[in-house]
Enquirer: 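I am attaching a structure below and will ask some questions about it afterwards.
Given the structure is predicted, the values throughout are model-derived calculations rather than measurements. Numbering of residues begins at 1 and proceeds along the displayed sequence.
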Amino acid sequence: MELVEVDTNKVNHIRHLYIILTKRKFNISHNYKTNYKNHKEFVQNHPYRFWYLILEKENYIGVVYLTNQNVVGINTIKSSKKLYLNALKTIIKMHRPLEPIKSVRSKFFTINVNPENLILIEAIKLLNLSHIQNTYIFKN
């Protein structure tokens, strides 16, 4: 497994990010279908602090990113405890959290997980991370 930094100008990267987006099983904030044009605009606006494609045996199989709020996001098209562990360990080793801002950003990295993604939850438990909250949304 290798992390390849997303190049927002590479058509190949934009296309693979779109494929991963449409194939992933678990969502938190992205709960609607998007078209390629809107996706491309999103990628080119590059909203993340760091953004990587997960490469395995010459295939892009997921993404991992860090936000400016010290949130780690990971999405894959293949659920694998080993893959999650390797990607999370690698990104945490590569980067440090930004300084905390009260009521805005923790001094630690945090990871949001869809509660149905049991394999990612198992991987996180193996990393001995602390469970700090459950988050719910109001839907109309």
Enquirer: Let me check something: any side-chain donor-acceptor pairs from residues 122-129 under 3.5 Å, sequence neighbours excluded? List them with distances.
Expert:
{"unit_1": "E122", "atom_1": "OE1", "unit_2": "K81", "atom_2": "NZ", "d": "3.0"}

Enquirer: Taking all non-hydrogen atoms of both residues, which atom of S80 and which atom of I119 are closest, and how far apart?
Expert: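 Residues S80 and I119, closest heavy atoms: C-CG2, 3.8 Å.
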Enquirer: For A87 and I74, work out which heavy atoms get closest and say how close.
Expert: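 Scanning both residues, the minimum pair turns out to be CB-CD1, 3.7 Å.
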Enquirer: Answer yes or no: is there a side-chain heavy-atom contact under 4.5 Å between I14 and N9?
Expert: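 I14 does not reach N9 side chain to side chain.
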Enquirer: What's the verdict on side chain to side chain donor-acceptor pair (under 3.5 Å) for N35 and H39, showing C-alpha distance, side-chain angles and the deciding distance?
Expert: CA-CA 6 Å; N35 61 41; H39 167 75; over 6 Å; no
Enquirer: Would you name the heavy atoms of I54 and T76 that are closest together and state the gap between them?
Expert: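 Closest heavy-atom pair between I54 and T76: CD1-CG2, 4.1 Å.
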Enquirer: Apply side chain to side chain contact (heavy atoms under 4.5 Å, CB included) to I92 and F109, showing your working.
Expert: CA-CA 8 Å; I92 300 297; F109 284 129; 3.3 Å; yes
Enquirer: N117 side chain to V113 main-chain N or O, any donor-acceptor pair under 3.5 Å?
Expert: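 No, because the side chain of N117 does not come within donor-acceptor range (under 3.5 Å) of the backbone of V113.
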Enquirer: How close do I20 and N75 get, counting heavy atoms only, and between which atoms?
Expert: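 Taking I20 first and N75 second, the nearest heavy atoms are CG2-O, 4.2 Å.
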Enquirer: Begin from the C-alpha positions of E56 and K78 and carry the test side chain to side chain contact (heavy atoms under 4.5 Å, CB included) through to its verdict.
Expert: CA-CA 11 Å; E56 185 179 72; K78 169 184 152 184; 2.5 Å; yes
Enquirer: Taking the side chain as every heavy atom from C-beta outward, state whether R15 and K10 have any pair of such atoms under 4.5 Å apart.
Expert: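 They are not in side-chain contact.
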Enquirer: With rounding to the nearest 0.5 Å, note down the distance linking NZ in K89 to CE in M94.
Expert: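 Result: 16.0 Å between the selected atoms.
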Enquirer: Sorted by first residue and then second, give each side chain to side chain donor-acceptor pair (under 3.5 Å) pair with at least one member in residues 92-111; sequence neighbours left out.
Expert: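 Of all non-adjacent pairs touching residues 92-111, those that pass side chain to side chain donor-acceptor pair (under 3.5 Å) are Y52-H95.
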Enquirer: In terms of hydrophobic clusters joined by side-chain contacts under 4.5 Å, are I19 and V64 together?
Expert: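 They do not share one cluster, since no chain of ILVMFWY contacts under 4.5 Å joins I19 to V64.
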Enquirer: Do side-chain atoms of N114 reach the backbone of E116 as a donor and acceptor pair under 3.5 angstrom?
Expert: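 Looks like yes, one N/O pair under 3.5 Å.
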Enquirer: Keeping H131 on the side-chain end and Q133 on the backbone end, is there a donor-acceptor pair under 3.5 Å?
Expert: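 Yes, because the side chain of H131 sits within donor-acceptor range (under 3.5 Å) of the backbone of Q133.
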Enquirer: Are F50 and M1 connected into the same hydrophobic cluster when the rule is that any two of I, L, V, M, F, W, Y join if their side-chain heavy atoms are below 4.5 Å apart?
Expert: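 The answer is yes; both residues are in one hydrophobic cluster.
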Enquirer: So do the side chains of P97 and F108 get within less than 4.5 Å of each other, counting heavy atoms only?
Expert: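 The answer is no, as the side chains (C-beta and beyond) never meet within the 4.5 Å cut-off.
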Enquirer: Determine, step by step, whether W51 and V43 satisfy the side chain to side chain contact (heavy atoms under 4.5 Å, CB included) criterion, reporting the C-alpha distance in whole Å, the side-chain angles of both residues, the deciding distance to 0.1 Å, and the verdict.
Expert: CA-CA 10 Å; W51 196 1; V43 172; 3.8 Å; yes
Enquirer: Heavy atoms only: give me the nearest Q44-T8 pair and the separation to one decimal.
Expert: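 Shortest heavy-atom contact: CG-O, 3.5 Å.
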Enquirer: When clusters are formed by joining ILVMFWY residues with side-chain heavy atoms under 4.5 Å apart, either directly or through shared neighbours, do L83 and Y65 land in the same one?
Expert: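 Yes; Y65 is reachable from L83 via cluster members.
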Enquirer: Are L17 and V6 packed together at the side-chain level, in the sense that at least one heavy-atom pair is separated by less than 4.5 angstrom?
Expert: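 Contact flag for L17/V6 side chains = yes.
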Enquirer: Linking I/L/V/M/F/W/Y whenever their side-chain heavy atoms sit closer than 4.5 Å, directly or via other members, would V4 and L66 fall into one cluster?
Expert: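 Looking at the clustering, L66 is in the same group as V4.
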Enquirer: To check you understand the geometry: which heavy-atom pair defines the closest contact between I121 and P115, and what is its length?
Expert: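 Minimum heavy-atom separation between I121 and P115: CD1-O, 3.7 Å.
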Enquirer: Show your reasoning for whether side chain to side chain contact (heavy atoms under 4.5 Å, CB included) applies to R49 and N70.
Expert: CA-CA 9 Å; R49 184 173 154 220; N70 289 336; 3.7 Å; yes
